[in-house]
Structure formats: structure tokens, C-alpha cells
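Heads up, the thing below is written out as C-alpha cells.
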Amino acid sequence: MTAASPAPAGTPGPAASPAPAPGARRPVYTFLGPEGTFTEAALLKVPGAREAERVPAPNVNAALDAVRAGTADAAMVPIENSVEGGVTATLDAISTGPELRIVREEVVPITFVLVSRPGTRVAEVRRIATHGHAWAQCRGWAAANAPDAVHLAASSTAAGALALLEDTAQPGDAAICAPIVAEEHPELEVLATDIGDNPGAVTRFILVSRPGALPPRTGADKTTVAVPLPEDRPGALMEILEQFAARGVNLSRIESRPTGQYLGHYFFSIDVDGHAADARVADALAGLHRVSPETRFLGSYPRTDGTVPEVAAHVSDGAFAAARTWVERILGPDAG
Ligand SMILES: O=C(O)C(=O)Cc1ccccc1
């Protein structure tokens, strides 16, 4: 891993060209590190990422700031988990500050192992270092098998595991991480495998780059927005939701987050089925901008599951085009 130099202005983002042309600069991807995180596993699923320069970041903010500063072309970060829900560090960081765009998503199945320095027994474990989302998925197992253990927050699963190899580690320390970390570090002993409480748990990750050309519409797309709730307006949330409902746009995720400005000020982080190039989604985005002018468009990108939404005839692209033609005919050629 090397420190990345700023990407030249105007360099096509990784979304635009995952495989660089011969002789072209290799794209630089950063990710929530260190090596061995689930986020790195998500990044390695991106075509071309194995050949690209990959730079681990100590936390989500650092990864996103590297993209903003131009030292990385794109960042892979976790956004939501099927058990624990949204990764608030990511939801907040992409929704504020200089604008970023989601250009791709990856969904990774998650299995956890418990590791320690050799010679520790599970019942002797007193502290378990791991990422908060990993702890949330293993706390039932920990309560049953290591009842005296407390959670020690780590910036990532791999960071928690690698800290066991430092001089600061104490007897009774263990960590929850991905199996690959133990495979790469034989100095760590695996005390238990498959310790997640929810078989089938998955985490969704997003690849984020600077604003540029949108990934093309595939027909199976997702669009993400951050919508501040207009203040002191009864029914404001209903007005926001109406923009989608009236245009037959399905929501696949909605979470409220504090803006951080003052108590009681919220924005909604929302994923919808469809691409900004779909007439019904474009029309809903325009409606959102009217209702909440600080609405932030965070990207349209292909869905990993390839699910194509059913679109009712009255909200198809053709229906919107016909409606526009009808209105234009009413206004006539001289309408200002
Ligand atoms: O810490 C990691 O390995 C991550 O990539 C973040 C995370 C933590 C727990 C579940 C999924 C992703």
C-alpha cells in the first residue's frame, strides 16, 4: 500500500471506466481498512479493483475525505446491515460536506470468527474488540459463550483483531473479525467460527466518488437522496413521501438522522427503485426540490440484485412524455 497522489482533474471516475485503458493511470480506491475488513472484501468484487491501487483508510470519514481531496478516485464504505441497520457514520458523512456520489453498491454475506493470541480459552475472554455492527450481530453468542466479556469498540473488525498483536493487548483480550484475518495472520488463534446470531446476515457497501457523469441507466437501478425535513410545517414528511407515491416510485430504505445543527432538526436518508433518468424518478426529484430545496442527490447506480421494478403504465417514461406534449399543446407555441 502506498500513499496516493492527487488524481488529476478530469480523470474519468472508476464508475465511468472500471478497467483503465492500456497505459492509463491505475485508479486509486480507498476503503475502510485495514486489510481484512468486510469493506475490503466488497471492494475486491468491483471489476478492476484487484489491479487498482488500494489504500486502506482508518475510518469512513478519512476514506470519503480522500475522495473529496482527490487523493483517491473512489471509496468503498459500509452503508447498511441486514441485522443492525444503517451505518450512521456513512449516512451522515455522505449527506453533509462537499458533495459526493454513490456510483455502485455491493452486498457481502458476513460470517464472523472469534480470535485471540494463542492459549486463550473462550470462557477466559474478558474484552472483545470489534466494529459496533459486528458486535450487534454476535452479542447473543457472546452472552452465551463468554458471559464475562465486554465489547471494546474498534474502528473496524480487522483493526480490532490486529490490535491483539500489539504490546498493549492484555490477557483475556479477543476480537471478532472476518475469517480472512485469521488466515492472513497465523499468530492469531481462531477460538470459535460462525458466531453470528443471524445466519444469512449481509452488509451493503457503496462505492463513492466525486460528482461526475451518472452511471448509465440499466433498468435495475437505485437512487439515493438526503432530504432535510422542512421545519415547522405540519405534514412535511407526508409531502416528501407524496413525491414518490404520486409517481409510483418504490422506497427501499428510509432512515431519519439528526442534521447535527440543533435538537429536533432531521434529514431523511432515502433509497428508491429507479434511476434519475427514469421520468418518474426525475419528476419525484423535482418535487423533492420544491418541498425541501436543500435536498441532496447522492447518486443513481445499478442494483446488485438486478431486480427490475414493475412500473405502472401511468408512470412510465412514455406516459410522462405524452403528458408533457399535451401541456405544451395547450400552451401553444407562444407560451413564455
Ligand atoms: O469492520 C469491518 O470489517 C467492516 O467492513 C465494517 C463492518 C463491520 C461489521 C459488519 C459489516 C461491516
Side-chain angles (χ1 to χ4, degrees), residues 13 15 59-70 72 74-75 77-80 85-105 204-215 217 221-301 303 315 320 324:
N59 54 56
V60 166
N61 275 303
L64 297 177
D65 283 347
V67 177
R68 288 182 171 121
V77 289
I79 184 163
E80 65 169 326
V87 178
T88 54
T90 300
L91 295 176
D92 296 349
I94 59 172
S95 304
T96 55
E99 282 203 31
L100 293 167
R101 290 283 161 75
I102 304 170
V103 293
R104 189 182 178 93
E105 67 171 7
R204 188 174 150 239
F205 299 84
I206 49 172
L207 188 66
V208 177
S209 65
R210 291 181 294 283
L214 296 189
R217 166 164 65 166
D221 306 289
K222 207 177 257 190
T223 292
T224 302
V225 285
V227 189
L229 190 65
E231 286 171 88
D232 301 329
R233 204 153 101 202
L237 175 57
M238 182 77 96
E239 282 179 64
I240 291 170
L241 296 178
E242 256 173 6
Q243 305 311 315
F244 302 112
R247 288 144 182 120
V249 176
N250 185 51
L251 271 58
S252 56
R253 183 182 60 83
I254 177 164
E255 295 178 61
S256 73
R257 290 292 306 152
T259 61
Q261 291 165 9
Y262 48 87
L263 192 65
H265 195 221
Y266 289 92
F267 74 90
F268 284 85
S269 174
I270 301 174
D271 289 344
V272 303
D273 291 349
H275 192 286
D278 294 325
R280 67 187 190 289
V281 177
D283 214 51
L285 290 173
L288 284 180
H289 186 77
R290 277 188 290 102
V291 171
S292 180
E294 297 302 316
T295 291
R296 186 178 278 213
F297 173 74
L298 287 170
S300 290
Y301 48 94
R303 301 170 60 103
V315 287
F320 275 93
R324 251 191 325 272

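Treat the numbers as computed from the prediction; the structure is a model and nothing was measured.
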Can you list everything that forms a side chain to side chain contact (heavy atoms under 4.5 Å, CB included) with Ser95? Sequence neighbours excluded, please. Ala226, Phe267, Leu298
Donor-acceptor pair, Ser292 side chain versus Val227 backbone, under 3.5 Å? no
Does Arg217 have any side chain to side chain donor-acceptor pair (under 3.5 Å) partners at least two apart in sequence or in another chain, and if so, which? Asp278, Asp317
Please examine the side chains of Phe297 and Leu288, heavy atoms only from C-beta on, and report whether any two atoms are closer than 4.5 Å. no
Compare every heavy atom of Val315 with every heavy atom of Arg280, then report the nearest pair and how far apart it is. CB-O, 3.5 Å
Holding to salt bridge (charged side-chain N to carboxylate O under 4.0 Å, His left out), I want the full list of residues that pass it with Asp221, two or more places apart in sequence or in another chain. none
Contact list for residues 233-251, test salt bridge (Lys or Arg N to Asp or Glu O under 4.0 Å), sequence neighbours left out: Arg233-Glu239, Arg247-Asp283
Side chain to side chain contact (heavy atoms under 4.5 Å, CB included) against Leu237, all qualifying residues, sequence neighbours excluded: Leu229, Leu241, Phe268
Is any side-chain heavy atom of Val281 closer than 4.5 Å to one of His275? no
For Ser300, check side chain to side chain donor-acceptor pair (under 3.5 Å) against everything at least two apart and list the hits. Thr223
Side chain to side chain contact (heavy atoms under 4.5 Å, CB included) partners of Val77, counting only residues at least two apart: Val60, Ala63, Leu64, Thr90, Ile206, Val208
Distance check, rounded to the nearest 0.5 Å: Asp92 atom CG versus Arg257 atom CZ? 4.0 Å
Evaluate the side-chain proximity of Phe244 to Val272: yes if any heavy-atom separation is below 4.5 Å, no if none is. yes
List for me each residue that meets salt bridge (charged side-chain N to carboxylate O under 4.0 Å, His left out) alongside Arg303, sequence neighbours excluded, and say none if there are none. Asp273, Asp305
Between Glu294 and Arg296, does any side-chain N to carboxylate O distance fall below 4.0 Å? no
Shortest non-hydrogen contact from Leu214 to Ala276? CD1-CB, 4.1 Å
For Glu255, check salt bridge (charged side-chain N to carboxylate O under 4.0 Å, His left out) against everything at least two apart and list the hits. Arg253
Set of side chain to side chain contact (heavy atoms under 4.5 Å, CB included) partners for Ala62, sequence neighbours left out: Ala57, Pro58, Asn59
Roughly how far, to the nearest 0.5 Å, is CD of Glu105 from CD of Glu80? 8.5 Å
For Leu91 versus Ile94, what's the shortest heavy-atom pair and its separation? O-CG1, 3.6 Å
Pro215 versus Val103, closest heavy-atom pair with distance: CG-O, 3.6 Å
Run the salt bridge (charged side-chain N to carboxylate O under 4.0 Å, His left out) test against Arg68 and tell me which residues pass, sequence neighbours left out. Asp65
How many angstroms lie between atom CZ of Arg204 and atom CG of Asp271, to the nearest 0.5 angstrom? 4.5 Å
Going by ring pair (Phe, Tyr, Trp, His ring centres under 6.0 Å), name the residues that satisfy it together with His265, two or more places apart in sequence or in a different chain. Tyr262
For Pro230 and Ala236, the nearest pair of non-hydrogen atoms, with its separation, is O-CB, 3.7 Å
To the nearest 0.5 Å, what is the distance between OG1 on Thr295 and CZ on Arg290? 11.0 Å
